[in-house]
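Below is one structure; the comments refer to it alone.
Remember, predicted model here, so these are calculated numbers, not experimental data. Worth knowing before you read on, the calculation uses all heavy atoms, side chains too, and leaves out hydrogens, waters and symmetry mates.
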Number of protein chains: 2
Amino acid sequence: MARRIGRRPGNPDTRATILAAARTTFAERGFDQASIRAIAATAGVDPALVHHYFGSKDKLFLAAMNAPADPAKVVPTILAGDPDQIGERLVGAFLSIWDSPAGTPAVALLRSAVSNEWTARLLREFLTTQVLRPVLDHLDVDPAQAPLRGSLVASQLFGLAMARHVLRLEPIASAAPETLISSVGPTMQRYLTAPLEGQPPHRRSRVTPPEG
Amino acid sequence: MARRIGRRPGNPDTRATILAAARTTFAERGFDQASIRAIAATAGVDPALVHHYFGSKDKLFLAAMNAPADPAKVVPTILAGDPDQIGERLVGAFLSIWDSPAGTPAVALLRSAVSNEWTARLLREFLTTQVLRPVLDHLDVDPAQAPLRGSLVASQLFGLAMARHVLRLEPIASAAPETLISSVGPTMQRYLTAPLEGQPPHRRSRVTPPEG
DNA sequence: CGCACAATTCAACTACCGTTGAGTTAAACA
DNA sequence: TGTTTAACTCAACGGTAGTTGAATTGTGCG
């Protein structure tokens with residue numbers, strides 16, 4: 001079992017090089033469009049070596065996604081402090097993730113989740129169990145309303161990340177974090193804590209849909 | 001030039017059948033993942049016939065995207081009426097598009113824009129010139145703030161559509177339109193008309209980013 | 001009828017894709 | 001030195017992609 005003879009892990013750089021190439025390629029193209037061959041080429045390596053290290057494309061993706069921002073460390077920082085500013089702190093923490101080393105795998109996960117059911121489930125479970133549930137629990141939100149509030153928050157954060165980092169819609173793409181914090185923070189605050197049904201939609205205010 | 005002999009456009013159904021198959025396939029899988037071969041199979045037709053009619057996959061996509069909800073007809077309905085309810089009417093009109101015949105190509109465009117730069121530009125220009133600009137003009141928004149307000153609106157609407165129709169995040173995916181109108185409408189209203197810089201972010205309220 | 005021409009199909013080309021298995025190289029130990 | 005073992009390469013497999021050009025079908029017209 002504990003045989004320790006034979007060639008040592010000669011060049012441990014290679015594994016990390018492949019992982020880095022995988023992260024950027026997945027981020028640029030998403031899971032489906034990123035090919036193992038392209039990743040291997042970026043890493044300057046034979047495609048078969050990727051399989052040698054990671055076994056399959058799925059496992060490579062999982063390995064590349066490891067060590068995104070650990071929510072267990074970020075979430076408490078959001079919760080601490082004035083409850084009225086949780087919305088702003090949430091947006092600030094969210095934005096700062098993309099400028100950190102975790103930003104690349106985050107974009108990768110985001111891009112992939114749209115066209116790949118498997119990665120979509122990955123993102124969904126990560127968001128709900130690691131981020132939304134702790135925040136909603138901490139705020140003592142009515143459990144009957146928590147799912148709607150949580151998915152509203154997720155929809156705005158998702159749209160914000162998409163506009164800023166995937167679609168690159170200006171001026172959101174280049175805006176200072178402070179601008180987005182003061183703009184979107186109150187939205188988060190409202191989704192989290194303000195009464196949602198208190199103000200029902202104005203009576204008969206809907207626009208008639210196109211005929212069909 | 002004006003020779004009119006030979007076989008007539010024998011079965012004009014076929015072209016429409018292919019277009020319909022293209023729309024649903026693009027909507028289900030997005031531009032990249034939708035194959036001409038799959039579209040042809042859905043239409044019960046040879047892949048080469050698709051090229052015969054549409055020339056290339058790009059042109060087929062453009063043809064399939066034609067006749068989404070004509071914004072020239074929808075936008076005025078949003079603008080008419082109480083300016084304080086424009087947010088709600090905007091969300092209502094937006095939601096109703098997806099339940100109309102235009103919903104299928106809309107989902108297709110949405111899905112494709114994420115992983116394909118070409119379709120992303122298509123969606124971006126459609127949104128800004130056909131929807132956001134008219135609304136902002138009508139509201140006499142400060143031109144210096146209009147782009148930010150417009151892209152904030154777009155980010156929330158985009159996130160809403162994604163959550164509801166692509167990621168199918170519950171309970172947004174199954175919520176009644178009225179629920180979403182009363183929840184998201186005020187957000188739109190605020191992005192469009194409320195002072196954005198009036199309340200700067202609370203001083204030093206940002207969460208420290210992960211080191212890097 | 002038989003010609004013209006659109007509708008439609010067939011087979012094939014090139015180009016990638018993920019994956020596999022066998023083969024080569026070289027570093028560490030006995 | 002020689003064995004062991006991991007690092008790494010090569011060539012190929014079966015599959016799917018968009019696209020192409022030649023061949024076939026069938027209908028209307030002179």
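Separating the NE2 atom of B/H52 from the P atom of D/dT25 is a distance of 17 Å, rounded to the nearest angstrom. In this structure, CD1 of A/I39 is placed 15 Å from C1' of C/dC16, rounded to the nearest angstrom. Between the CZ atom of A/F54 and the P atom of D/dC8 there is a distance of 12 Å, given to the nearest Å.
Side chains of B/E170 and B/S174: a donor on one and an acceptor on the other come within 3.5 Å. Side chain to side chain, B/T187 and A/Y191 meet the donor-acceptor criterion of an N or O pair below 3.5 Å.
For B/R168 (side chain) and B/A173 (main-chain N/O), no donor-acceptor pair under 3.5 Å exists by modelled atom type. Remark: the backbone N or O of B/I172 is paired with a side-chain donor or acceptor of B/R164 at under 3.5 angstrom. B/R111 contributes no side-chain N or O that, together with a main-chain N or O of B/G30, makes up a donor-acceptor pair within less than 3.5 Å. Side chain of A/T77 to main chain of A/K73: a donor-acceptor pair is present (N/O by atom type, distance under 3.5 Å, no hydrogens or angles).
Axis orientation changes by 10° from one end of the helix from C/dC1-D/dG30 to C/dC13-D/dG18 to the other, with each end axis drawn from 5 pairs and the value rounded to 10°.
Contact annotation: B/Y53 side-chain N/O to C/dT8 OP1/OP2 distance is under 4.0 Å.
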task: For each nucleotide in nucleotides 14-24 of chain D, reading 5' to 3', give B when a protein heavy atom comes within less than 4.0 Å of its base, S when such contact involves only the sugar-phosphate, and - otherwise.
output: ---BBBBB---

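To the nearest 0.5 Å, atoms CG (A/L169) and OG (B/S151) are separated by 5.5 Å.
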message: Run A/D58 and A/F31 through side-chain contact (heavy atoms from CB on, under 4.5 Å) and show every step you take.
response: CA-CA 9 Å; A/D58 286 8; A/F31 182 83; 3.3 Å; yes

